[in-house]
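To start, the structure under review is shown below, and the notes come after it.
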Amino acid sequence: MAIADPQIKQQPVIRQLDDAAINRIAAGEVLERPASAVKELVENSIDAGATRIEVAIADGGKTLIRVTDDGCGMDAEDLPLALARHATSKIDGSDLLNITSFGFRGEALPSLGAVGRLSITSRTAGGNGATISVAGGQVEAVKPAALSAGTVITLRDMFYATPARLKFLRTNRAEAQAVSDVIKRLAMAEPFTTFILRDTSGGDSRTMFRADAETGDLFDALHGRLRTVLGKDFAENALRIDTVREGFHLTGYAALPTYSRGAAVAQYLFVNGRPVRDKMLLGALRAAYMDVLSRDRHPVAALFIDCDPTLVDVNVHPAKSEVRFRDPGTVRGLIISGLRHALAEAGHRASTTVASATLGAITPEPTEPRVYQMDRPSFSARSMTFQAQAPGLSEAPSARIEPVVEDVPDNLPLGAARAQVHENYIIAQTGKGIVIVDQHAAHERLVYEKLKTQIAENGVAAQALLIPEIIELTEGEANHLLEHAADLGRFGLTIEPFGGAAIAVRETPAILGEVNATAMIRDILDELTDQNETASIQSKIEAILSRVACHGSIRSGRRMQAAEMNALLREMEATPLSGQCNHGRPTYVELKLADIERLFGRT
């Protein structure tokens with residue numbers, strides 16, 4: 001008997017896969033989990049012009065997904081074609097770069113029918129209702145059905161034909177949350193459409209999410225929809241974005257830096273209405289907040305980029321979650337400049353959640369129901385009372401209260417300084433409450449903005465040291481620092497090699513006055529080490545400027561006179577971004593008088 005030679009390989013045979021196998025392979029690309037199926041079906045409803053879309057799921061979508069819409073519907077003769085691969089009403093195939101719809105591949109419905117039990121019931125205006133079913137790729141005949149209008153698509157037992165894929169799904173709760181996230185993203189893109197998500201697990205029906213159609217102009221509708229999806233706090237602390245550049249239009253809302261998150265979980269980006277997860281766009285969003293947020297905080301935003309469809313390619317990923325722009329540099333610059341302009345226009349504004357968090361941290365003792373108290377006296381009455389109660393000259397010096405000499409009106413945005421406590425916090429009185437200012441954090445932002453303005457105009461003025469300060473470093477540190485000597489010189493810090501691993505600091509930024517050069521150099525080295533190699537030189541310069549500004553700021557522990565405190569408040573009101581320090585922390589907290597009185601049971 002002949003024995004096969006193991007060195008001789010069998011010639012592989014090329015086979016044409018059958019339609020069932022082809023559809024299951026396609027399903028693996030398009031349908032990762034129940035949320036993927038919901039996304040495809042809801043996008044079809046939006047493309048059909050639906051104004052009301054209701055989604056029902058059971059067991060996280062594993063056993064049931066039903067999407068009901070009031071769109072244009074399909075005729076009976078169109079239903080079999082809808083289940084054929086690469087059959088679509090969205091495009092004619094002549095121009096794949098001019099796509100204006102969500103769907104265009106014609107893969108979703110046949111893929112769903114290949115892995116689960118799918119039924120489609122639909123009716124056009126003036127037509128008759130019809131239904132068709134498919135299970136594991138086996139299509140049944142079209143039958144008449146009762147339906148008022150629109151389309152109902154039901155998917156049961158997802159992945160029943162490919163049970164191995166069920167093992168890769170997460171818990172029912174996790175899958176349901178993923179479905180909810182998909183619905184919320186699409187709801188943001190379509191504020192004039194009603195979206196309802198229900199969980200029907202166990203025979204019960206529970207509404208997981210509902211967003212009724214908004215009215216008004218686009219910005220009002222979008223703001224209302226974002227309030228529903230992202231919450232009242234975001235809506236109250238979001239800045240309106242509306243800017244145009246070279247054929248690209250950026251709209252949406254972005255939150256103040258003091259309303260940030262500990263992870264990048266609330267960043268929503270849309271291109272021509274399509275939700276996308278694009279690294280370039282996310283990077284631009286991060287860059288726009290670079291000098292107002294620390295690295296461990298992340299901005300919150302919902303941004304919409306609209307352009308001619310020929311300027312963006314959406315056909316680069318089966319799930320259509322990634323896009324490719326013809327001119328990505330223009331888009332990146334649009335996002336960065338648009339957001340920075342909006343943040344600058346916000347002036348000294350800080351998020352309302354800062355005050356809420358402050359009040360939440362104050363826990364007064366439980367009080368009995370309010371007893372009768374005199375109404376709050378007027379300002380003039382309070383002033384006369386305070387003067388009458390002021391300590392006399394005969395009292396001991398330690399018991400005296402230093403009066404605030406300056407007569408500053410308290411109707412200014414940040415009010416009039418009344419006191420300084422713990423040599424770091426300024427207490428100011430406004431017309432509606434009080435403001436507590438972190439003097440170091442506030443002045444750090446002011447110095448930073450001055451440095452940026454100077455360097456943009458004509459460089460930062462330098463002051464020569466009478467005796468150069470010699471700083472001993474390691475060889476690696478010295479080389480790293482000297483590589484950036486030219487950039488450091490642009491904002492008034494002149495360094496030179498001084499033999500071995502030492503450097504000489506000959507000039508420091510004049511705006512900082514007297515400064516500890518050694519400490520500043522050490523901080524700059526830390527910043528250069530923290531900055532990764534791919535960071536742009538502009539980002540490195542801004543990061544270093546931030547460190548330099550810290551050394552020129554009013555230090556914690558320094559006592560300030562009334563004139564100095566009020567000057568700081570007025571400068572904060574006139575300086576963009578002064579509501580947060582260079583690391584995204586609030587520079588002040590504003591407490592309304594009504595909230596303060598509530599703490600003392602005076603309401």
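Atom set for the values below is all heavy atoms of this structure, side chains included, hydrogens, waters and symmetry mates excluded.
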| If only atom types and distance count, is the side chain of R123 paired as donor or acceptor with the main-chain N or O of G73 below 3.5 Å? | no
| Any donor-acceptor pair under 3.5 Å from S201 side chain to D59 backbone | yes
| field | Name of the residue among T193, D70, D69 meeting side-chain hydrogen bond (donor to acceptor under 3.5 Å, both in side chains) with T51 | value | D70
| remark: Of all heavy-atom pairs linking G252 and L222, the shortest is CA-CD2, 3.9 Å
| task | For D75 and E77, indicate whether the former's side chain and the latter's backbone hold a donor-acceptor pair under 3.5 Å. | result | no
| request: Would you list the pairs meeting ring-ring contact (aromatic ring centres under 6.0 Å, His included) in which at least one residue belongs to residues 252-296, sequence neighbours left out? | output: H223-Y253, F270-F304
| Can you tell if the side chain of L41 reaches within under 4.5 Å of the side chain of L109, non-hydrogen atoms only? | yes
| task | Keeping the roles fixed (side chain from T131, backbone from S122), state whether a donor-acceptor pair exists under 3.5 Å. | result | no
| Looking at residues at least two apart in the chain, or sitting in another chain, which of them share a side-chain contact (heavy atoms from CB on, under 4.5 Å) with D220? | D217
| To the nearest 0.5 Å, how far apart are NZ in K39 and CZ in R33? | 13.5 Å
| message | Strictly distance-based, threshold 3.5 Å: is any side-chain N or O of T194 a donor or acceptor partner for the main-chain N or O of A213? | response | yes
| task | Any chance you could measure S119, atom OG, to E140, atom CD, to the nearest 0.5 Å? | result | 9.5 Å
| Taking side chain as C-beta onward, heavy atoms only, is R198 less than 4.5 Å from I196? | yes
| Counting only heavy atoms not in D327, do more than 12 sit closer than 6.0 Å to its CG atom? | yes
| Taking only residues at least two apart or on different chains, which pairs with a member in residues 160-205 satisfy ring-ring contact (aromatic ring centres under 6.0 Å, His included)? | none
| note | Closest non-hydrogen atoms of K62 and L169, given as atom of the first, atom of the second and distance, are CG-CD1, 3.9 Å
| To the nearest 0.5 Å, how far apart are CD1 in I65 and CG in D157? | 11.0 Å
| Hey, does the side chain of T258 reach the backbone of P586 with a donor-acceptor pair shorter than 3.5 angstrom? | no
| query | Are T154 and L64 close enough that some pair of their side-chain heavy atoms sits under 4.5 Å apart? | reply | yes
| said: I want to check something: taking the side chain as every heavy atom from C-beta on, are N44 and V67 in contact at a cut-off of under 4.5 Å? | reply: no
| request: Dump the intermediate steps for side chain to side chain contact (heavy atoms under 4.5 Å, CB included) on V182 and V42, then the final yes or no. | output: CA-CA 9 Å; V182 165; V42 174; over 6 Å; no
| request: Show your reasoning for whether side chain to side chain contact (heavy atoms under 4.5 Å, CB included) applies to C307 and N272. | output: CA-CA 7 Å; C307 64; N272 287 344; 4.1 Å; yes
| message | Within the structure provided, determine whether V152 and R66 are in side-chain contact (heavy-atom separation under 4.5 Å). | response | yes
| Closest heavy-atom pair and its distance - M74, A82 | SD-CB, 4.0 Å
| request: Walk me through it: do L83 and L118 pass the test side chain to side chain contact (heavy atoms under 4.5 Å, CB included)? | output: CA-CA 10 Å; L83 294 174; L118 182 72; 3.8 Å; yes
| Modelled atom types, side-chain donor and acceptor of R245 and S337, under 3.5 Å | yes
| query | If every non-hydrogen atom of T243 is compared with every non-hydrogen atom of G338, which pair is closest and at what distance? | reply | CG2-CA, 4.0 Å
| Is the count of non-hydrogen atoms from other residues, nucleotides or ligands lying under 6.0 Å from R297 atom CZ greater than 12? | yes
| Polar side-chain atom of T63 near backbone of A58 as donor-acceptor pair, under 3.5 Å | yes
| field | Distance, nearest 0.5 Å, that separates CG of L186 from CZ of R274 | value | 10.5 Å
| Note, L269 side chain near R277 side chain (heavy atom, < 4.5 Å) | no
| message | For a quick test of reading the model, state the closest non-hydrogen atom pair linking A302 to M188 and the distance between them. | response | CB-SD, 4.3 Å
| said: Test your reading of the model: is there a side-chain donor-acceptor pair from T200 to the backbone of I57, 3.5 Å cut-off? | reply: yes
| said: Any heavy-atom pair between the side chains of T251 and I241 that's under 4.5 Å? | reply: no
| remark: Interatomic distance, CZ@R117 vs CG@L155, rounded to 0.5 Å, equals 10.5 Å
| request: Apply the test side chain to side chain contact (heavy atoms under 4.5 Å, CB included) to residues L281 and F325: give CA-CA distance (whole Å), side-chain angles for both, the deciding distance (0.1 Å), then the verdict. | output: CA-CA 10 Å; L281 298 179; F325 292 96; 3.9 Å; yes
| Can you tell me how far the CG atom of L285 sits from the CE atom of M280, to the nearest 0.5 Å? | 12.0 Å
| message | So which atom in S578 and which in T587 form the shortest heavy-atom distance, rounded to 0.1 Å? | response | O-OG1, 2.5 Å
| Are any non-hydrogen side-chain atoms of P80 and V139 less than 4.5 angstrom apart? | no
| request: Give a yes-or-no answer on whether the side chains of D181 and Q177 include a donor-acceptor pair shorter than 3.5 Å. | output: yes
| query | Would you find a donor on one side and an acceptor on the other, under 3.5 Å apart, between the side chain of R445 and the backbone of Q580? | reply | yes
| E175 side chain to R170 backbone, donor-acceptor under 3.5 Å | yes
